[in-house]
Enquirer: 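Before we start, here is the structure in question, set down as structure tokens.
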Amino acid sequence: MGLLDPINALGEIAVDVLACGPAASKRCPPRKMLRTTGRSPFTVVVDCADDVRITRTVLAAHHPAAGRVVIHPTVGGGDRLLWHDILHAVADGRGLRAPSCAARGSALEQERSARAALKAAAVHRMTVLRAHRIGLGVWADLVALHRATGTDVTVVHHAELPVDLVHLLRHSHHRVLTAYAAVRALYPPAGTAGEPWAGRDR
């Protein structure tokens with residue numbers, strides 16, 4: 001791979017990372033240039049203690065008919081299974097239209113299938129649990145999905161954020177939640193209306 005070849009889903013090249021990395025964070029783009037105007041920012045819940053209340057609250061909010069889906073990623077087998085997990089969460093027990101594409105297609109085909117499913121189901125909030133187990137490339141894909149679609153993405157990271165993820169988040173309009181009360185406010189129980197935190201920034 002050459003110095004000018006893209007090295008991640010942000011389209012960064014090696015020169016960018018050298019100029020805009022953890023040791024040179026002041027050179028990263030200003031956050032105001034990355035805002036998702038009129039929408040909630042990409043949301044990261046940092047749950048270092050693996051608080052069972054947080055996991056239960058998030059899982060209880062899974063309600064595809066109301067536009068809220070919660071993904072519990074498949075462990076092992078490669079990060080790209082996440083797109084298949086998204087399709088299953090959106091289907092919510094119904095048969096998948098194109099499971100073979102999600103399971104065996106290229107990474108791009110899998111992502112396209114997941115995006116199409118989210119749009120067709122009018123999913124306005126998607127949450128990924130156990131995000132400390134997915135790779136940096138999929139994190140970048142999720143940031144891009146949040147920015148380019150009508151689905152607000154939240155990830156729950158059950159550990160301290162590593163340096164490479166902190167760098168990735170500098171390239172996105174995001175917020176970090178750590179308190180259980182904030183998580184509870186973001187996730188009303190399934191079947192209830194509204195999301196008090198929707199559209200709010202910190």
Enquirer: Should D47 and R130 count as an ion pair when the cut-off is N to O under 4.0 Å?
Expert: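 No, this pair does not count.
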Enquirer: Which residues pass the side chain to side chain donor-acceptor pair (under 3.5 Å) test with R115, sequence neighbours left out?
Expert: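 Expected list: E111.
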Enquirer: If every non-hydrogen atom of V69 is compared with every non-hydrogen atom of A89, which pair is closest and at what distance?
Expert: CG1-O, 4.0 Å
Enquirer: Between atom NE2 of H88 and atom NE2 of H72, what is the distance when rounded to the nearest 0.5 Å?
Expert: 15.5 Å
Enquirer: Kindly indicate whether the side chain of L142, heavy atoms from C-beta on, has any atom under 4.5 Å from the side chain of I134.
Expert: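 Yes, their side chains come closer than 4.5 Å.
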Enquirer: Got a sec, which residues hit side chain to side chain donor-acceptor pair (under 3.5 Å) with T57, two or more places apart in sequence or on another chain?
Expert: Y180
Enquirer: Taking all non-hydrogen atoms of both residues into account, name the closest pair between S113 and L87 and its distance.
Expert: O-CD2, 3.5 Å
Enquirer: Any heavy-atom pair between the side chains of T43 and D152 that's under 4.5 Å?
Expert: no
Enquirer: State, to 0.1 Å, how close A131 and V155 come at their nearest heavy-atom pair, and which atoms those are.
Expert: CB-CB, 3.9 Å
Enquirer: Not counting sequence neighbours, which residues clear side chain to side chain donor-acceptor pair (under 3.5 Å) with T151? List them please.
Expert: none
Enquirer: The criterion is salt bridge (charged side-chain N to carboxylate O under 4.0 Å, His left out); which residues satisfy it with R53, sequence neighbours excluded?
Expert: D51
Enquirer: Work out which heavy atom in V70 is nearest to a heavy atom in H62; give both atom names and the distance.
Expert: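 Shortest heavy-atom contact: N-ND1, 3.0 Å.
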Enquirer: Would you give the length of the straight line joining atom NE2 of H173 to atom NE2 of H146, rounded to the nearest 0.5 angstrom?
Expert: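 NE2 of H146 is found 7.5 Å from NE2 of H173.
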Enquirer: Find the distance between CG (L145) and CE (M126) and round it off to the nearest 0.5 Å.
Expert: 5.5 Å
Enquirer: Quick check: closest heavy atoms across I71 and I86, and the distance to 0.1 Å?
Expert: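 Closest heavy-atom pair between I71 and I86: CD1-CA, 3.7 Å.
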Enquirer: What closest approach, in Å, do T55 and H158 show between heavy atoms, and which atom pair accounts for it?
Expert: OG1-CE1, 3.8 Å
Enquirer: Is L82 close to D141 at the side-chain level, that is, under 4.5 Å between some pair of heavy atoms?
Expert: no
Enquirer: Report the C-alpha separation of V128 and W139 in whole Å, then their side-chain angles, then the decisive distance to 0.1 Å, and conclude whether the side chain to side chain contact (heavy atoms under 4.5 Å, CB included) test is met.
Expert: CA-CA 10 Å; V128 179; W139 269 76; over 6 Å; no
Enquirer: Identify, with sequence neighbours excluded, every residue that meets side chain to side chain donor-acceptor pair (under 3.5 Å) alongside H132.
Expert: none
Enquirer: If you define the side chain from C-beta out and look only at heavy atoms, does anything of T149 sit under 4.5 Å from L118?
Expert: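 Answer no - side chains too far apart.
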Enquirer: I'd like to check Y187 versus T127 (side-chain heavy atoms, cut-off strictly below 4.5 Å). Are they in contact?
Expert: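 Touching, per the 4.5 Å side-chain cut-off.
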Enquirer: Heavy atoms, side chains only, cut-off 4.5 Å: are H124 and R68 in contact?
Expert: yes
Enquirer: Taking side chain as C-beta onward, heavy atoms only, is L161 less than 4.5 Å from L169?
Expert: yes
